[in-house]
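Atoms considered below: every heavy atom in the structure, side chains included; atoms not considered: hydrogens, waters and symmetry mates. Here is how names work: the chains are called A, B, and so on, in the same order as the sequence lines, proteins then strands, and each is numbered from 1.
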Number of protein chains: 2
Amino acid sequence: MSLPHAILTSLAEKPGSGAELAQRFDKSIGYFWQATHQQIYRELARLEERGLIRSAAREATRGRKRDYAVLPAGLEELARWTVLAQDPLPVRDALLVRLRAVAVMRAGSAPGDTARAVMRAELARHRGLHEQQLSLYQGVEGDDFTAGSGAQAQNTPDLRLQRAVLRAGIMFEQAWVNWADETLPTLEH
Amino acid sequence: MSLPHAILTSLAEKPGSGAELAQRFDKSIGYFWQATHQQIYRELARLEERGLIRSAAREATRGRKRDYAVLPAGLEELARWTVLAQDPLPVRDALLVRLRAVAVMRAGSAPGDTARAVMRAELARHRGLHEQQLSLYQGVEGDDFTAGSGAQAQNTPDLRLQRAVLRAGIMFEQAWVNWADETLPTLEH
DNA sequence: CCTGCCATGTAAATAGTTACATGATTTG
DNA sequence: CAAATCATGTAACTATTTACATGGCAGG
């Protein structure tokens with residue numbers, strides 16, 4: 001159950017509205033935990049009801065911007081959550097399932113040969129997407145974590161830890177690209 | 001929507017009952033797409049209703065083993081699905097969210113220091129789990145994919161493709177371990 | 001004032017998790 | 001035959017996704 005805590009973290013870094021949070025979930029923290037705006041609005045309402053965050057406006061405001069900030073109770077909840085032992089989520093990649101499905105289709109049969117050709121293209125396409133993400137991360141690393149970086153969020157979070165998170169993204173994307181390069185020849189001929 | 005197709009793939013590799021499938025989802029195909037036995041039984045019922053698989057027994061049998069096999073329509077569905085373009089699922093790792101939450105807690109404060117100590121331990125623990133998974137994959141690679149491997153499933157799936165899937169697991173786990181080794185010093189002192 | 005966009009929200013469907021129930025089979 | 005285990009299943013809940021709805025605001 002990380003979504004409420006991802007939101008609390010993002011609001012602790014900087015207060016903002018639901019739409020602004022949705023934007024942050026399209027980059028930054030959203031690289032490691034995704035959420036749609038529907039999830040975010042629902043979760044914001046829950047968090048406010050639990051007294052972990054507060055919004056400036058009191059009544060329901062449809063269409064009007066509504067800013068939230070973390071309350072002390074929210075920071076306590078975040079501290080409580082971070083120290084819980086949590087096991088890693090296993091890998092879940094549909095492309096690997098597909099590859100395994102293709103493995104049971106006989107090469108030489110029409111569907112098997114078609115599937116192999118398509119998978120080769122898909123693998124190349126995914127390689128491109130992962131390489132793009134890798135470049136993006138490397139760009140962020142260069143911009144945000146060079147010595148004496150400029151504008152910081154109000155709470156001046158620990159840059160070394162934020163960078164470590166980014167490094168995880170870099171290393172995973174790099175691993176994916178490497179795997180694709182190793183695997184593509186298997187689908188040739 | 002990969003679960004029905006993961007099940008079809010597994011049944012294409014070898015027919016079996018719900019419980020046997022659940023076991024396979026605890027290893028093998030389940031390394032890349034997880035499912036509980038409840039999901040599996042529900043999905044098997046749906047797949048049979050759609051005419052993609054068949055079970056030996058006709059009526060509902062609570063407690064008695066119930067074997068399923070893929071029908072031609074199921075193989076067609078699998079072929080149809082594998083050639084659909086599908087974007088990769090983004091990374092989703094709660095530990096990275098936690099690390100980012102810790103980054104907003106001031107070092108020097110009591111909760112911040114406690115959280116850093118706990119995260120150091122958690123990172124070491126996760127490193128151990130990923131290393132364990134890595135060893136497991138490397139063991140499978142040695143057992144199943146050495147030249148002239150022995151017993152094969154009836155459909156003799158393409159071993160090179162199955163191995164490619166396994167290699168993905170190996171490279172991801174290795175990347176995780178490498179990242180942990182790089183990151184642990186950041187949480188020292 | 002109308003059009004497009006921004007921001008917030010509702011509703012419904014699907015997927016996944018957790019807790020529990022029950023019949024069959026094996027084993028001491 | 002009693003207990004443990006295996007196998008199938010139900011129910012309730014939570015999370016996530018997809019589609020849609022509606023109010024406010026800014027610019028032409």
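Among the protein residues, B:Q34 comes within range of no part of the nucleic acid, since none of its heavy atoms lies under 4.0 Å from any strand.
Here C:dG16 presents its C1' atom at 14 Å from CG of B:L89, a figure rounded to the nearest Å. Regarding B:D67, its CG atom lies at a distance of 13 Å from the C1' atom of D:dT8, rounded to whole Å. If you measure from atom CD of B:E48 to atom P of D:dT8, you get 12 Å, rounded to the nearest angstrom. Regarding A:H37, its NE2 atom lies at a distance of 16 Å from the P atom of C:dC5, rounded to whole Å. If you measure from atom CD of B:Q23 to atom P of D:dC6, you get 9 Å, rounded to the nearest angstrom. Across the protein-nucleic acid pair, A:L21 atom CG and C:dC6 atom C1' stand 15 Å apart, rounded to whole Å. In this structure, B:F25 places its CZ atom 14 Å from P of C:dA15, rounding to the nearest Å. If you take CG of A:D87 and P of C:dT18, they are 12 Å apart, rounded to a whole angstrom.
For the residue pair B:Y137/B:E141, the side-chain donor-acceptor check at 3.5 Å is not satisfied. If you check the side chains of B:R92 and A:S2, you find no donor sitting under 3.5 Å from an acceptor. Side-chain N/O atoms of A:H5 and A:E77 include a donor and acceptor closer than 3.5 Å.
Listed pair A:Y41 / C:dT8 meets the phosphate criterion, a side-chain N or O lying under 4.0 Å from OP1 or OP2. Put simply, A:R42 has no side-chain N or O that comes within less than 4.0 Å of OP1 or OP2 on D:dT16. Put simply, B:R46 has a side-chain N or O that comes within less than 4.0 Å of OP1 or OP2 on C:dA15. Side-chain N/O atoms of A:Q39 include none lying less than 4.0 angstrom from OP1 or OP2 on D:dA15.
Atom CZ of A:R125 has more than 12 heavy atoms from other residues, nucleotides or ligands within 6.0 Å. Within a 6.0 Å radius of CD in B:Q132, no more than 12 heavy atoms belonging to other residues, nucleotides or ligands are found.
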Under 3.5 Å, N/O pairs linking protein and nucleotides 24-26 of chain C:
unit_1	atom_1	unit_2	atom_2	d
C:dA24	OP1	B:R64	NH2	3.4

Check against side-chain contact (heavy atoms from CB on, under 4.5 Å), B:L134 and B:I170: CA-CA 6 Å; B:L134 175 60; B:I170 288 175; 3.8 Å; yes

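Taking every side-chain heavy atom of B:Q38 into account, D:dT10 is the closest of D:dT10, D:dT8, C:dA11.
No donor-acceptor pair under 3.5 Å is formed between the side chain of A:R24 and the backbone N or O of A:I29.
Of the residues near DNA chain D, B:A19 and B:R92, the one whose nearest nucleotide (by heavy atom distance) lies more toward the 5' end is B:A19.
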